[in-house]
Amino acid sequence: MAESGCVNMKLAVPVSGVKPILKYRGGKSQELSNYLSYVPKFNTYYEPFFGGGVTFFALAPYRSYVADINHKLMSFYQDLVVNYPKTKRELSELQAAYDNNRQVFLARKKKSPDSHAIDPNDDLYYSIRDMFNKKKTRQYIYSTLYFFLNKTAYSGMIRYNKKGKLNVPYGRYAYFNTNLLNNQQVDLLKSASSSLPIDKEPIKMSSHTIFHCVRTHFI
């Protein structure tokens with residue numbers, strides 16, 4: 001949400017080109033071009049329902065306040081900001097393992113094209129999922145686990161059972177690309193004030209006028 005009035009809604013704001021970090025159900029990546037031109041000029045960006053942060057990353061606001069009711073999601077962003085270099089190192093290790101496992105799978109498939117070939121990335125995925133669910137000792141930090149699962153789980157889903165455990169199966173993707181995470185994204189997150197979990201401040205601090213604009217023009 002941007003802090004501004006609704007006069008002249010066709011005031012285009014600069015677009016950064018920065019992509020969101022995560023796949024996120026209900027994300028607005030495909031709709032971005034339809035509404036960005038309606039975002040008025042603003043001083044401070046307020047986002048109480050952050051999710052994948054598509055609009056936030058596209059606008060790259062100088063000042064911002066973000067929050068979300070999803071505690072595990074916000075924990076990912078905050079851990080990433082604190083431990084970005086370590087996250088990148090660990091993800092690079094996992095990508096190397098993932099790529100190697102893929103080659104093993106392809107070799108097996110080539111050798112026996114009509115037979116079921118075991119994919120070593122199945123074991124890797126479920127091992128990481130067990131670490132995330134605290135069913136086994138964690139060998140990686142939280143932000144590494146969350147990012148890996150987000151990119152390799154079926155359809156990019158992050159879904160939990162009644163016990164709060166992630167229960168999404170492996171998506172069987174050919175590639176796991178850690179280059180999707182970069183310095184620009186993390187620098188933007190560093191500059192944002194965040195709330196964990198969601199509180200009423202982003203809503204209280206943003207004007208009623210802009211909520212009317214969002215309801216009228218974006219939905």
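Residue numbers run from 1 in the order of the sequence given. Keep in mind the model is a prediction, meaning the values are calculated, not measured. Only this structure's heavy atoms are used, side chains among them; waters, hydrogens and symmetry mates stay out.
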Mind checking the [atom1]-[atom2] spacing from [X] to [Y]? Nearest 0.5 Å is all I need.
X	Y	atom1	atom2	result
D187	Y84	CG	OH	8.5 Å
Y170	L149	OH	CG	12.0 Å
T152	K23	OG1	NZ	8.0 Å
S75	L80	OG	CG	12.0 Å
R102	N121	CZ	CG	8.0 Å
L181	N150	CG	CG	11.0 Å

Could you tell me which non-hydrogen atom of [X] sits nearest to which non-hydrogen atom of [Y], and how far apart they are?
X	Y	answer
V66	A192	CG2-CB, 4.3 Å
Q139	E90	O-OE2, 4.2 Å
P20	G52	CB-O, 3.5 Å
M74	A67	CE-CA, 4.0 Å
S143	T87	OG-OG1, 2.7 Å
E93	Y140	OE1-CE2, 4.1 Å

Worksheet item: Could you walk me through whether R108 and F105 pass the side-chain contact (heavy atoms from CB on, under 4.5 Å) check?
Response: CA-CA 5 Å; R108 289 172 176 173; F105 168 74; 5.6 Å; no
Practice prompt. Could you check whether the rings of Y77 and F57 sit parallel, tilted or perpendicular, using 30° and 60° as the cut-offs?
Written response: tilted
Worksheet item: Can you check side-chain contact (heavy atoms from CB on, under 4.5 Å) on F148 and K151, steps first, answer last?
Response: CA-CA 5 Å; F148 178 87; K151 300 302 182 183; over 6 Å; no
Quick one: do [X] and [Y] end up in the same hydrophobic cluster if we chain Ile, Leu, Val, Met, Phe, Trp and Tyr together by side-chain heavy atoms under 4.5 Å apart?
X	Y	result
V81	V18	yes
Y173	L22	yes
Y24	Y154	yes
L32	I21	yes
V82	F76	no

Worksheet item: Does NZ or CZ of K19 fall inside the cone over F56's six-membered ring, less than 6.0 Å from its centre and within 45° of the axis?
Response: no
Check: [X] side chain, [Y] main-chain N or O, donor-acceptor pair, under 3.5 Å:
X	Y	answer
N182	Q185	yes
D68	G51	yes
D130	K136	no
Q103	Y98	no
R63	S191	no
N133	L166	yes

Would you check if [X] and [Y] make a side-chain contact, meaning some heavy-atom pair closer than 4.5 Å?
X	Y	result
F50	N70	no
D99	Q95	yes
L124	L94	yes
Y46	T44	yes
L59	F42	yes

Practice prompt. Walk me through it: do F176 and F147 pass the test side-chain contact (heavy atoms from CB on, under 4.5 Å)?
Written response: CA-CA 10 Å; F176 169 56; F147 183 89; 3.9 Å; yes
Worksheet item: Can a salt bridge be assigned to the pair R172 and D122 using a cut-off of 4.0 Å between side-chain N and carboxylate O?
Response: yes
Discussion item. Pair N167, N161 - check side-chain hydrogen bond (donor to acceptor under 3.5 Å, both in side chains), show working.
Written reply: CA-CA 6 Å; N167 63 357; N161 60 23; 5.7 Å; no
For [X], does the [atom1] atom have more than 12 heavy-atom neighbours from other residues, nucleotides or ligands under 6.0 Å away?
X	atom1	value
L106	CG	yes
Y160	OH	yes
Y126	OH	yes
K109	NZ	yes
K165	NZ	yes

Discussion item. If you apply the rule side-chain hydrogen bond (donor to acceptor under 3.5 Å, both in side chains), what do you find for D79 with N83, and how did you get there?
Written reply: CA-CA 6 Å; D79 189 48; N83 296 301; 2.7 Å; yes
Item to complete: Carefully, step by step, assess T178 and K88 under the rule side-chain hydrogen bond (donor to acceptor under 3.5 Å, both in side chains).
Response: CA-CA 8 Å; T178 61; K88 283 291 285 186; 4.6 Å; no
Practice prompt. For Y142 and F132, run ring-ring contact (aromatic ring centres under 6.0 Å, His included): C-alpha distance rounded to whole Å, both residues' side-chain angles, the deciding distance at 0.1 Å, then the answer.
Written response: CA-CA 7 Å; Y142 182 84; F132 183 82; 5.6 Å; yes
Item to complete: Test E47 against S64 for side-chain contact (heavy atoms from CB on, under 4.5 Å), laying out the working first.
Response: CA-CA 8 Å; E47 180 53 87; S64 58; over 6 Å; no
Item to complete: Could you please spell out the steps behind the side-chain hydrogen bond (donor to acceptor under 3.5 Å, both in side chains) verdict for T55 and Y35?
Response: CA-CA 10 Å; T55 308; Y35 67 80; 2.6 Å; yes
